[in-house]
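Structure record follows, encoded as structure tokens.
As the structure is a prediction and not an experimental result, all values here were calculated from the model.
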Amino acid sequence: MGYSVAEGPEVETDHYNFELMNIAAGHPARDMTDTFYIDEKTLLRTHTSPVQARVMEKSEGKPIRIICPGKTYRRDDDDATHSHQFMQIEGLVVDKDISMKHLKGTLETFAKSMFGENKKVRF
């Protein structure tokens with residue numbers, strides 16, 4: 001489908017993990033109880049969105065079509081439904097003439113590839 005795989009560091013800066021995501025200084029996600037901080041400005045990434053920010057910075061206005069899979073970390077107590085470390089995947093497309101139908105088609109193709117061509121996909 002034309003996507004490239006983009007990867008980024010698991011040890012991230014506050015700037016990429018929170019500031020560039022418009023997550024304000026007082027937001028609960030920045031609390032020590034939710035995030036693994038190494039020091040005031042360095043942490044284990046809580047999502048893969050910083051990868052998107054890094055790709056956009058380097059794109060020089062060129063179209064972008066990426067997926068960003070990777071490990072993420074949050075201060076959760078491990079149980080049957082939570083883990084302090086988990087995998088996440090995000091996608092990003094930036095180009096002219098892109099619409100919601102492209103997103104819908106991508107998600108439908110992915111779902112049918114993963115779960116079977118005969119599966120119904122509802123939006």
I'd like a table of donor-acceptor pairs (distance under 3.5 Å, sequence neighbours excluded) in which one partner is a side-chain atom from residues 22-30, with atom names and distances.
| unit_1 | atom_1 | unit_2 | atom_2 | d |
| --- | --- | --- | --- | --- |
| H27 | ND1 | A29 | N | 2.9 |
| R30 | NE | I23 | O | 3.0 |
| R30 | NE | A24 | O | 3.1 |
| R30 | NH1 | D14 | OD1 | 3.2 |
| R30 | NH1 | D14 | OD2 | 3.3 |
| R30 | NH2 | I23 | O | 2.8 |

Can you give the donor-acceptor pairs under 3.5 Å from side chains of residues 110-123 to other protein atoms, not counting sequence neighbours?
| unit_1 | atom_1 | unit_2 | atom_2 | d |
| --- | --- | --- | --- | --- |
| S113 | OG | T109 | O | 2.9 |

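Two residues are said to be in side-chain contact when any heavy atoms from C-beta on lie closer than 4.5 Å; K104 and L107 fail this criterion.
Between T13 and L43 the shortest heavy-atom distance is C-CD2, 4.3 Å. Contact record, V51 with C68: CG1-SG, 3.7 Å, taken as the closest heavy-atom pair. Shown here for A6 and P69, the closest heavy-atom pair between the two residues is O-CD, 3.8 Å. Heavy atoms only, all atoms of each residue included: V55 and I64 are closest at CG1-CG2, 4.0 Å.
Rounding to the nearest 0.5 Å gives a distance of 9.0 Å between CG of L92 and CD of E90. If you take CD on E7 and CD1 on I66, they are separated by 11.0 Å, rounding to the nearest 0.5 Å. Note that CZ of R54 and CE of M56 are 12.0 Å apart. Values are rounded to the nearest 0.5 Å. Annotation: the span from D78 atom CG to Q85 atom CD amounts to 9.5 Å, rounded to 0.5 Å.
Under the 4.5 Å side-chain contact rule for hydrophobic residues, M1 and I67 share a cluster.
For residues 66-77, the pairs satisfying side chain to side chain donor-acceptor pair (under 3.5 Å) are E10-Y73, with sequence neighbours left out. Applying the side chain to side chain donor-acceptor pair (under 3.5 Å) test to residues at least two apart or on different chains, the pairs with a partner in residues 38-47 are N17-T46, D39-T42, H47-S49.
For the residue pair D97 / S99, no side-chain donor-acceptor distance below 3.5 Å is found, with atom types taken as modelled.
Under a 4.5 Å side-chain heavy-atom criterion applied to ILVMFWY residues, the cluster that includes M87 comprises that residue alone.
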Item to check | H15 and L20: CA distance, side-chain angles, deciding distance, side-chain contact (heavy atoms from CB on, under 4.5 Å) verdict | outcome: CA-CA 6 Å; H15 177 72; L20 291 181; 3.6 Å; yes

Item to check | Check against side chain to side chain donor-acceptor pair (under 3.5 Å), Q52 and Y16 | outcome: CA-CA 9 Å; Q52 294 182 28; Y16 282 98; over 6 Å; no

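Remark: side-chain polar atoms of T35 are not paired, donor with acceptor, to backbone N or O of Y37 under 3.5 angstrom.
Under the side chain to side chain contact (heavy atoms under 4.5 Å, CB included) criterion, R65 pairs with Y3, V93, I98, not counting sequence neighbours.
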